[in-house]
Amino acid sequence: MQTDIDPRNLIGLRTLDRDGRKIGTVDEVYLDDATGVPEWAAVRTGFFSRDAFVPLEPSEVVDGVLRVPFERALVKEAPDFGVGRHLSPEQELRLYHHYGLDTSDTGAPVSDENMSFGRIAGSER
């Protein structure tokens, strides 16, 4: 993910899966507590549906569209934590595991104390 992108510019972006199928629209962006880098997007998956969290790394913005490297079904099956609140370390770990993403640079398990976790863009710590 581009680290210099303003998270406010992600709100409202159409989101496509790895096959180019529409998943939904970015509703909220969550920042890493330690770095302030956009880390998660909450994507509204339909008019009467819920928001599903998608990782912004390794996703990318191309031509005004957020492209995620996952199938739409996997995104829609992501754990539902609701939106508008801080993600807990446990919730983030569950999301990383759901998407099959490693939570460390070395591949070794990382303790919760050594990880930083997301807050909503524009919110105070």
Side-chain angles (χ1 to χ4, degrees):
M1 177 80 198
Q2 302 159 267
T3 57
D4 60 340
I5 194 163
D6 185 336
R8 295 172 293 200
N9 292 335
L10 295 172
I11 304 297
L13 288 186
R14 189 167 50 123
T15 305
L16 304 178
D17 76 355
R18 70 179 184 189
D19 299 319
R21 291 180 298 182
K22 184 174 181 186
I23 298 171
T25 305
V26 176
D27 204 21
E28 292 186 5
V29 177
Y30 289 70
L31 308 177
D32 180 277
D33 284 342
T35 66
V37 171
E39 187 171 17
W40 297 97
V43 176
R44 174 67 58 184
T45 59
F47 189 69
F48 293 107
S49 298
R50 65 182 181 90
D51 283 59
F53 288 95
V54 296
L56 290 172
E57 178 63 43
S59 301
E60 60 183 349
V61 175
V62 178
D63 298 326
V65 173
L66 178 64
R67 295 184 150 287
V68 299
F70 307 103
E71 291 182 354
R72 179 171 57 183
L74 183 66
V75 173
K76 288 188 173 192
E77 294 167 358
D80 185 0
F81 301 121
V83 294
R85 299 183 309 247
H86 188 274
L87 287 174
S88 73
E90 295 79 16
Q91 290 170 328
E92 264 198 282
L93 286 173
R94 282 187 57 200
L95 287 168
Y96 277 117
H97 291 257
H98 173 77
Y99 286 106
L101 297 173
D102 192 4
T103 56
S104 73
D105 292 331
T106 64
V110 176
S111 69
D112 291 351
E113 298 83 38
N114 295 329
M115 293 186 69
S116 56
F117 296 92
R119 68 182 191 284
I120 301 171
S123 67
E124 297 297 319
R125 267 192 114 177

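For the single chain, residues carry numbers from 1 onward in sequence order.
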Thr25 side chain to Gly12 backbone, donor-acceptor under 3.5 Å
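Side chain of Thr25 to backbone of Gly12, a donor-acceptor pair under 3.5 Å: no, none is there.
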Donor-acceptor pair, distance only, cut-off 3.5 Å: does the side chain of Asp19 make one with the backbone of Arg21?
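Between the backbone of Arg21 and the side chain of Asp19 there is no qualifying donor-acceptor contact (under 3.5 Å).
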Counting C-beta onward and ignoring hydrogens, is there a side-chain heavy-atom pair between [X] and [Y] closer than 4.5 Å?
{"X": "Ile23", "Y": "Val68", "result": "yes"}
{"X": "His86", "Y": "Asp33", "result": "yes"}
{"X": "Pro79", "Y": "His98", "result": "yes"}
{"X": "Leu10", "Y": "Leu56", "result": "yes"}

Can you tell which of Val61, Val43, Val29 makes a side-chain contact (heavy atoms from CB on, under 4.5 Å) with Leu13?
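Exactly one option meets the side-chain contact (heavy atoms from CB on, under 4.5 Å) with Leu13, and it is Val61.
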Shortest non-hydrogen contact from Pro7 to Leu31?
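Answer, listing the atom of Pro7 first, then Leu31: CG-CD2, 3.8 Å.
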So, for Val65 and Arg14, which heavy atoms are closest and what is the spacing to 0.1 Å?
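Nearest heavy atoms, Val65 then Arg14: CG1-O, 3.4 Å.
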So how far is it from Asp32 CG to Leu87 CG, rounded to the nearest 0.5 Å?
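CG of Leu87 is found 11.5 Å from CG of Asp32.
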Measuring from atom CG of Leu95 to atom CD of Glu90, what distance do you get when rounded to the nearest 0.5 angstrom?
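These two atoms lie 12.0 Å from each other.
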Can you tell me which residue pairs pass the side chain to side chain donor-acceptor pair (under 3.5 Å) test with a partner in residues 63-84, sequence neighbours excluded?
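The answer is Arg18-Glu71.
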For the CZ atom on Arg94, are there more than 12 heavy atoms of other groups (residues, nucleotides or ligands in this structure) within a distance under 6.0 Å?
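It does not: Arg94 CZ has 12 such atoms or fewer within range.
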Going hydrophobic residue to hydrophobic residue with side-chain gaps under 4.5 angstrom, can you get from Val54 over to Leu16?
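Different hydrophobic clusters.
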Listed once per pair and sorted, the ring pair (Phe, Tyr, Trp, His ring centres under 6.0 Å) pairs that draw on residues 51-77, sequence neighbours left out:
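Non-adjacent pairs meeting ring pair (Phe, Tyr, Trp, His ring centres under 6.0 Å): Tyr30-Phe53, Phe70-Tyr99.
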